[in-house]
Amino acid sequence: QESRGPPRSGTTVGAIVPESTPEPASPASPRPAETYPGLTFGSQDAVPNGIEAFVADQVVDAKMHRRWLCIGSCCFLIVVSVVVPVVIVVLGGEPSERPLVPTAVPSEFPTTIPTLSPTTDRLKSVIEDLSSVSGTDVFLDLASPQYRAALYVSDDDELALPVGSARFVQRYLLAVFYFALGGDNWVQCGRNDPNCGGDPDDTTWLLGSGSECTWLGVACNGSGEVRQIFFPRVRGNGLVGEFPYEVSLLSRLETLILQSNFIHGTIPTFLGALTNLKSLVLLNNRFFGSIPSEIFTGASQLQVLHLGDNSLNGTIPAELSNLQLDDVRFERNSLTGTVPIGVGSIPGLRIVELQENQLTGPLPIEFFNNPSITRLRLNDNEFTGRLPESIGQMRDVEDLRLQFNNLEGTLPAELFTLPTLTTLDLESCNLVGGLSEDFYLLNGTIRNLVLSNNGFTGPIPQAFDLLTSLNSLILHGNDLSGTISTILCQEKGEQFSDLRNLTAPVSVTCSCCDLQAR
């Protein structure tokens with residue numbers, strides 16, 4: 001039979017082992033006492049025709065035996081001469097001596113086992129030190145921002161700072177920020193832009209031996225600690241990815257401005273660890289989820305908070321009222337619920353932009369009681385109620401936009417006493433009543449007056465003729481009557497100081513207006 005053992009690496013599966021030659025059967029009768037080389041005989045009486053015949057038969061058998069042995073030996077030598085060199089080449093030959101032909105079926109295990117061990121002693125020391133900063137698991141992934149940053153401070157950073165020093169760690173943290181947000185593909189000052197867009201005031205990230213405090217957008221305090229990351233491009237710098245945890249370890253950071261990029265994920269709660277943070281500007285990115293209240297518990301010094309133009313949902317955190325905010329903007333998200341009590345009455349609050357959300361409840365009166373507010377945009381929500389008489393306390397307001405809300409009632413007389421008002425937009429607010437001649441009190445400041453698509457009735461007030469700074473006067477979609485004077489028409493023009501936009505309902509006589517029904 002064929003002899004087949006279990007297949008082994010480097011051998012040919014299914015090779016046939018040569019058969020051994022069978023021994024001749026022994027006679028059943030007793031053998032003579034004489035012996036011959038290689039033969040054993042029984043007694044002479046037991047063999048027909050005598051010993052000669054027996055010997056002759058045994059000689060023939062012996063010749064046949066030797067012939068089979070010879071044939072078997074030759075076959076064995078042929079097999080050995082073919083198989084052994086193949087085995088030697090497969091198992092022991094030089095790689096260059098055998099062709100790299102792929103196998104028909106992939107092997108179950110890789111031919112070489114990858115190693116995650118650092119390639120240099122310094123890198124090993126670097127990773128051991130930085131494990132206390134970022135943990136150990138992140139360094140098992142050779143493509144992680146943390147591993148790439150460790151490789152930078154270990155082998156690529158021309159400063160080659162002492163492992164564990166404060167600047168060494170700071171450059172590592174910034175390098176993680178760089179790799180996590182796609183630094184090599186930034187519009188300006190990534191490693192692929194060594195000239196940093198030709199701007200002599202900034203240097204490229206991660207290149208050269210200069211201070212990290214000169215990298216684009218980075219500024220440091222007198223001790224060389226990073227206090228600001230601010231990319232000045234209005235259209236963004238092409239940052240893509242999720243915020244790395246290591247940003248929260250820049251403990252002296254006061255300003256983080258990253259508007260108009262492609263940063264995604266939820267707004268991380270670890271930003272609350274930045275206890276010195278005063279300005280957080282993440283508008284026009286791709287954040288989603290709710291606004292984490294934990295940020296405001298830790299980053300209690302926040303003054304500027306811009307989270308607009310993302311995909312945020314949920315409610316406005318009540319903890320916001322504990323901050324000393326100067327500027328808060330959550331515009332164009334999907335926020336719901338009411339504005340928490342206390343937010344509108346923050347002392348020193350100047351700018352509020354909550355427009356284009358799904359906020360509900362009564363119009364937050366606190367905003368209208370706050371004399372420090374200069375810009376209040378609550379438009380395109382679902383607020384209800386009337387314009388409060390306390391609006392007259394907004395002595396510094398310049399921009400007031402409440403359009404597209406479910407309001408009611410008339411214009412309060414206090415509205416006309418606002419000395420710095422330049423833009424007033426009340427379109428589609430369900431307001432009624434006549435238009436007062438007190439509009440003349442806004443002369444010298446008002447530039448944009450939008451009252452369209454309400455229920456205003458009565459004649460066009462002559463007070464509009466006195467508003468010499470008007471750029472837009474939008475009156476269509478009301479039940480007004482009368483005539484737009486030639487004085488207003490003479491103000492029409494295309495220059496910055498001219499009256500560029502003038503609309504009126506079709507029920508009004510006007511030679512220079514864009515007459516619209518609604």
Phe464 CZ to Leu473 CG distance, which is reported to the nearest 0.5 Å: 5.5 Å

Flag if over 12 foreign heavy atoms under 6.0 Å of CD, Gln462: no

Pairs flagged by ring pair (Phe, Tyr, Trp, His ring centres under 6.0 Å) wherever residues 248-293 is involved - sequence neighbours left out: Tyr245-Phe270

Residue among Asp156, Asp184, Asp155, Asp141 satisfying salt bridge (charged side-chain N to carboxylate O under 4.0 Å, His left out) with Arg148: Asp184

Exceeds 12 heavy-atom contacts within 6.0 angstrom, atom CZ of Phe230: yes

Distance-only donor-acceptor check, side chains Asp465 and Ser485, under 3.5 Å: yes

Arg252 atom CZ, neighbour heavy-atom count above 12 within 6.0 Å: no

Summary of disulfide bond (SG atoms under 2.5 Å apart) pairs that have at least one residue in residues 130-192, sequence neighbours excluded: Cys189-Cys196

Solution key, residues 274-284 side-chain donor-acceptor pairs under 3.5 Å, sequence neighbours excluded:
| from | atom 1 | to | atom 2 | distance (Å) |
| --- | --- | --- | --- | --- |
| Asn276 | ND2 | Ser251 | O | 2.9 |
| Asn284 | ND2 | Ser260 | OG | 3.1 |

Cystine candidate Cys213-Cys220, SG separation under 2.5 Å: yes

Flag side-chain contact, heavy atom, 4.5 Å: His476 against Ser452: yes

Ring geometry between Trp205 and Trp186 (parallel below 30°, tilted from 30 to 60°, perpendicular above 60°): perpendicular

Spatial distance of atom CG (Leu305) from atom CD1 (Ile351) [nearest 0.5 Å]: 12.5 Å

pair Arg171-Leu159: side-chain heavy atoms closer than 4.5 Å: yes

Residues Gln516, Asp514; criterion side chain to side chain donor-acceptor pair (under 3.5 Å); working and verdict: CA-CA 6 Å; Gln516 300 180 27; Asp514 177 11; 2.8 Å; yes

Side chain to side chain, Leu130 and Tyr172, heavy atoms closer than 4.5 Å: yes

Lys/Arg-Asp/Glu bridge criterion (N-O < 4.0 Å) met for Asp498, Lys492: no

Side chain to side chain, Tyr147 and Leu140, heavy atoms closer than 4.5 Å: no

Pairwise distance OG1(Thr336) to CD1(Ile316) - rounded to 0.5 angstrom: 9.0 Å

CZ/Arg395: more than 12 non-hydrogen atoms of other groups inside 6.0 Å: yes

No-hydrogen, no-angle side-chain donor-acceptor test under 3.5 Å, Ser390 and Glu414: no

Donor on one side chain, acceptor on other, Thr457 and Asp479, under 3.5 Å: no

Donor-acceptor contact present, side-chain Asn185 to main-chain Gly182, <3.5 Å: no

Polar contact flag, side-chain donor to acceptor under 3.5 angstrom, Gln358-Glu382: no

Axial cation check for Tyr152 ring with Arg191, 6.0 Å and 45° limits: no

Flag side-chain contact, heavy atom, 4.5 Å: Ile460 against Leu475: yes

Any side-chain heavy-atom pair of Phe456 and Leu411 under 4.5 Å: yes

Identified side-chain contact (heavy atoms from CB on, under 4.5 Å) partner of Leu349 from the options Asp327, Val328, Leu376: Val328

Phe296 side chain reached by Pro317 side chain, heavy atoms, under 4.5 Å: yes

Residues, nucleotides or ligands: over 12 heavy atoms within 6.0 Å of Glu437 CD: yes

SB check Arg375 Glu353 (cutoff 4.0 Å): yes

